[in-house]
Amino acid sequence: MDIRDHLRTALRSALTDAGISPLPGEIALERPARREHGDWSTNVALAISKSVGRNPREIGRQLVEILSANPPAHVDAIEIAGPGFINFRLADTWLHEVLTDVITAGAEGYAAPDLGHGRTVNVEFVSANPNKPIHAGHGRGACYGDSLARLRERCGWVVTREFYLNDRGVQMQRFAESLAARKRGEEPPEDGYHGDYLVEWAAEMPDDADPFEWGYARALQSHRETLAKVGIVYDNWFSERSLLASGAIEDTLADLRSKDAVFEQDGAIWLRSTDRGDDKDRVLVKSDGDYTYLLPDIAYHRDKFRRAGHLVNVWGADHHGYVARMKAAMSMLGHDADELEVVITQLVDLMRSGEPVKMSGRSGDMISLDEIIDEVGPDAARFTYLIQSVDSRQTFDLDEVKKQAMDNPVFYVQYAHARICSIEAKAAEAGVKRVPISEVDASLLVHERETDLLRSLFELPEIVEIACTDNAPHRVSGWAREQAAALHGFYHDCYVIGEGVSAELTQARLALVEASRIGMSIALDLLGVAAPESM
RNA sequence: GGGCCCGUAGCUCAGUUGGAUAGAGCGCCGGACUUCGAAUCCGUAGGUCGCACGUUCGAGUCGUGCCGGGCUCACCA
């Protein structure tokens with residue numbers, strides 16, 4: 001049982017004995033910022049003081065008295081402090097149970113809270129137009145979206161990773177015209193695509209190929225290859241054209257019409273999105289009869305809702321304005337708009353040694369994600385993209401990220417994992433075999449470095465849960481850095497094998513090392529970063 | 001002008017439902033290898049949490065108003 005539930009149970013019982021009624025619904029237990037405040041702390045006396053009309057310190061004193069008369073397991077001391085906090089000082093034995101928990105559950109079972117209960121979720125991310133290579137900004141959305149998918153999978157959801165292809169429309173036409181122009185050795189049209197990549201693609205294209213279809217396939221191949229380089233593999237590449245072919249777009253329009261969600265004005269067909277929180281109504285079909293991008297998009301989301309109970313969209317900051325209209329449309333189609341989660345990722349500023357890298361020059365060229373991966377490596381790219389909250393703008397300095405040095409957290413973390421493996425290899429070499437966890441005397445782990453590691457491992461399940469619910473993989477990378485620091489400290493101060501270390505202590509420490517390896521590999525897997533055995 | 005995001009140490013950034021003296025990495029300075037990898041570890045210094053008011057036992061966190069930066073406000077995609 002989680003130590004907090006254990007303490008909560010004791011607190012509820014003490015509250016009852018103290019004559020407090022009704023009992024508070026939630027009892028907060030947290031780790032105090034300062035060690036001298038004990039291992040766990042609750043503000044329950046402060047929280048209820050108003051409703052019971054008593055001084056918080058007085059309530060606290062009474063609770064401490066009741067609890068101290070019959071202290072819960074693992075508890076060494078209970079104190080009242082400050083305005084009415086109740087601090088629990090615990091014996092290390094509570095941490096020793098963590099060791100058993102981790103080893104027993106293993107990499108599959110530990111820190112895998114069942115939040116999804118087998119529900120289906122569709123995570124759509126990147127969805128860059130299939131007419132040019134993926135760039136640095138897409139890279140952030142790519143690594144982020146994939147990590148969200150990994151978190152969901154770990155937390156009991158059934159996940160589909162999806163990429164939406166805008167494979168029709170004027171942009172694709174312009175792309176095809178530009179490619180054809182390059183093939184003829186001419187400059188693309190003014191409103192076409194001018195990047196150097198088109199010169200290369202034109203050179204590859206057979207003379208008799210259809211520029212639209214060939215170019216589309218080429219771009220798709222480029223997307224697949226680039227994303228595969230950072231370990232991202234999609235379950236579904238969804239084509240916009242397929243919506244046209246299947247009649248889904250017309251069906252969607254008819255559906256909206258039947259729900260009185262559209263109206264005609266100035267020869268165009270509009271969505272009454274203002275009825276559901278949007279700030280203006282939106283055109284679905286232009287007066288020239290063409291669809292705007294919105295109608296196929298609505299049809300697409302309608303399709304996704306048929307295939308999954310929950311949708312997550314990862315969109316770039318430049319698309320935040322579309323959230324309201326899409327939610328409005330889904331709501332009008334009878335879906336629960338809360339089941340559509342749209343996460344916005346802020347922009348990435350690509351730098352090189354502190355100097356901004358031009359994202360788009362006259363040629364229309366951008367630094368492609370492909371080049372970035374080739375330059376810094378897939379692990380450094382992923383870890384860097386995921387180290388910080390996507391709510392804030394990111395500076396991605398290529399020279400900093402590719403440095404294999406201390407100021408690069410990915411190496412710090414991976415090195416920690418490699419060191420663990422090195423210890424395990426050393427043990428094997430010395431003929432030391434790890435005994436079953438039931439035969440390990442965990443109570444020997446009393447060094448501060450050891451208990452720090454155990455505390456860190458204890459926190460992982462909660463970190464995973466928060467990261468999943470808040471769509472915040474950076475919580476996982478933050479944990480990995482702390483865990484790495486704890487590991488390096490342990491490595492420095494606590495020998496696992498060697499003179500002066502008893503066989504029993506070696507076994508306990510080997511188990512701790514293995515538990516740490518499990519924890520670290522869980523975190524790195526959620527980030528999609530390799531856990532190297534040596535570097 | 002409206003909407004969304006951001007403003008925390010010299011730099012890059014954390015900070016779960018409001019909790020006790022606000023953290024980490026890098027950088028600076030000074031230390032530590034005779035056993036598992038020194039790509040490591042330990043220590044010092046560094047702050048009006050953009051500003052102001054409010055809510056309360058308590059605010060980096062919540063509310064309002066400002067200031068500054070980014071993105072966005074099409075019958076373009």
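Keep in mind it's a predicted model, so treat the numbers as computed, not measured. Quick note on labels: first sequence line is chain A, next is B, and so on, each numbered from 1.
For the side chain to side chain contact (heavy atoms under 4.5 Å, CB included) with A:V476, the qualifying choice from A:L151, A:L460, A:I387 is A:L151, the only one to do so.
Ranking B:rC36, B:rC71, B:rC75 by closeness to the A:A317 side chain, first place goes to B:rC71. Nearest to the side chain of A:R449, among B:rC42, B:rC13, B:rA38, sits B:rC42. Among the nucleotides B:rC75, B:rC36, B:rC42, the one closest to any side-chain atom of A:D266 is B:rC75. Of all nucleotides listed (B:rC75, B:rC13, B:rC36), B:rC36 comes nearest to the side chain of A:V496. Picking from B:rA74, B:rC13, B:rC71 the nucleotide with the shortest atom distance to the side chain of A:K280 gives B:rA74. Of the candidates B:rA20, B:rC36, B:rG37, B:rG37 carries the atom nearest the A:Y415 side chain, counting heavy atoms from C-beta on. With B:rC13, B:rG37, B:rU72 as the candidates, the nucleotide lying closest to the side chain of A:H320 is B:rU72. Each of B:rC75, B:rC41, B:rC6 was ranked by its minimum atom distance to the side chain of A:S392; first place goes to B:rC6. Closest to the side chain of A:H492, from the set B:rC6, B:rC41, B:rG70, is B:rC41. Checked against B:rG19, B:rC75, B:rA14, the side chain of A:L46 finds its nearest nucleotide in B:rG19.
Nucleic acid contact class of A:S389 (heavy atoms, under 4.0 Å, all strands): sugar-phosphate only. Residue A:C421 is classed as having no contact, given no heavy-atom separation below 4.0 Å to the nucleic acid. If you check every strand for non-hydrogen atoms under 4.0 Å, A:E499 touches a base. The residue A:A430 sits apart from the nucleic acid: no heavy atom pair falls under 4.0 Å. Heavy atoms of A:H488 sit under 4.0 angstrom from primed sugar atoms or phosphate atoms, though from no base atom. Residue contacts for A:I466: at a heavy-atom cut-off of 4.0 Å it reaches a base atom on one of the strands shown. Among the atoms of the strands shown, none is found under 4.0 Å from any heavy atom of A:R282. Among the atoms of the strands shown, base atoms are found under 4.0 Å from some heavy atom of A:A268. Heavy atoms of A:A427 sit nowhere under 4.0 angstrom from any nucleic acid atom. Within 4.0 Å of A:M535, counting heavy atoms only, lies at least one base atom of the nucleic acid. Among the atoms of the strands shown, only primed sugar atoms or phosphate atoms (P, OP1, OP2) are found under 4.0 Å from some heavy atom of A:N129. Heavy atoms of A:D318 sit under 4.0 angstrom from primed sugar atoms or phosphate atoms, though from no base atom. Residue A:S287 is classed as a base contact, given a heavy-atom separation below 4.0 Å to a base.
With a cut-off of 3.5 Å on both Watson-Crick or G-U wobble distances, the partner of B:rC71 is given as B:rG3. Using the Watson-Crick or G-U wobble rule with both distances under 3.5 Å, B:rU40 pairs with B:rA32. Remark: B:rC11 base-pairs with B:rG25; criterion is Watson-Crick or G-U wobble with both hydrogen-bond distances under 3.5 Å. Pairing partner, B:rA20: none, since no Watson-Crick or wobble contact has both distances short of 3.5 Å. Pair assignment for B:rC66: B:rG50, on the basis of Watson-Crick or G-U wobble contacts that are both within less than 3.5 Å.
Between the side chains of A:S239 and A:D167, at least one donor N or O sits under 3.5 Å from an acceptor N or O. In the model, A:Q171 has a side-chain atom that pairs as donor or acceptor with a side-chain atom of A:Y193 under 3.5 Å. Remark: the A:R54 side chain and the A:Q62 side chain contain an N/O donor-acceptor pair separated by less than 3.5 Å. Checking A:Y293 against A:N166 by side-chain atom types alone, no donor-acceptor pair falls below 3.5 Å.
Side chain of A:Y495 to main chain of A:G500: no donor-acceptor pair is present (N/O by atom type, distance under 3.5 Å, no hydrogens or angles). Of the possible polar contacts, none joining the A:D379 side chain to the A:V529 backbone as a donor-acceptor pair under 3.5 Å is found.
The base of B:rA77 sits within donor-acceptor range of the side chain of A:Y322, with an N or O pair under 3.5 Å. For A:N87 and B:rA20, a side-chain-to-base donor-acceptor distance below 3.5 Å is present, hydrogens and geometry of angles not being considered. The base of B:rA20 sits with one of its N or O atoms less than 3.5 Å from a complementary donor or acceptor on the side chain of A:S41. No donor-acceptor contact under 3.5 Å links the side chain of A:D279 to the base of B:rG3.
Between A:A484 and A:S534, the one whose closest nucleotide on RNA chain B sits nearer the 5' end is A:S534. Heavy-atom nearest nucleotides on RNA chain B were determined for A:I497 and for A:D288, and the one closer to the 5' end corresponds to A:I497.
Taking atom CG on A:L29 and atom P on B:rG18, their separation rounds to 16 Å, with Å as the unit. The CZ-P distance, from A:R31 to B:rG23, rounds to 14 Å in whole Å. Atom C1' of nucleotide B:rU61 and atom CG of A:N43 are separated by 15 Å, given to the nearest angstrom. For the pair A:D349 CG and B:rG69 C1', the interatomic distance rounds to 11 Å; values are reported in whole Å. Straight-line distance from the CD atom of A:E482 to the P atom of B:rG23: 13 Å, rounded to whole Å. Protein atom CG of A:N471 is 14 Å distant from nucleotide atom C1' of B:rU16, rounded to whole Å. Here B:rU72 presents its C1' atom at 12 Å from OH of A:Y293, a figure rounded to the nearest Å. Regarding A:Q388, its CD atom lies at a distance of 10 Å from the P atom of B:rG15, rounded to whole Å.
Spacing of C1' atoms, B:rU8 relative to B:rA59, comes out at 14 Å, to the nearest Å. Taking atom P in both B:rA38 and B:rC51, the straight-line distance is 44 Å, to the nearest Å. Going from the P atom of B:rA24 to that of B:rU35 covers 30 Å, rounded to whole Å. Comparing B:rG1 with B:rC13, their P atoms are spaced 27 Å from each other, to the whole Å.
A:R154 has its side chain within reach of A:L526: a pair of non-hydrogen atoms, C-beta onward, lies under 4.5 Å apart.
Taking a centre distance below 5.5 Å and an interplanar angle below 30 degrees as the stacking criterion, A:F85 stacks against the six-membered base ring of B:rA20.
Within the cation-pi definition used here (under 6.0 Å to the ring centroid, within 45° of the axis), A:R449 does not qualify as a partner of A:F490.
Close to B:rG15, at under 4.0 Å from its OP1 or OP2, lies a side-chain N or O of A:H474.
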Applying side chain to side chain contact (heavy atoms under 4.5 Å, CB included) to A:R509 and A:E504, what does each step give before you reach the verdict?
CA-CA 9 Å; A:R509 287 181 171 167; A:E504 291 75 22; over 6 Å; no

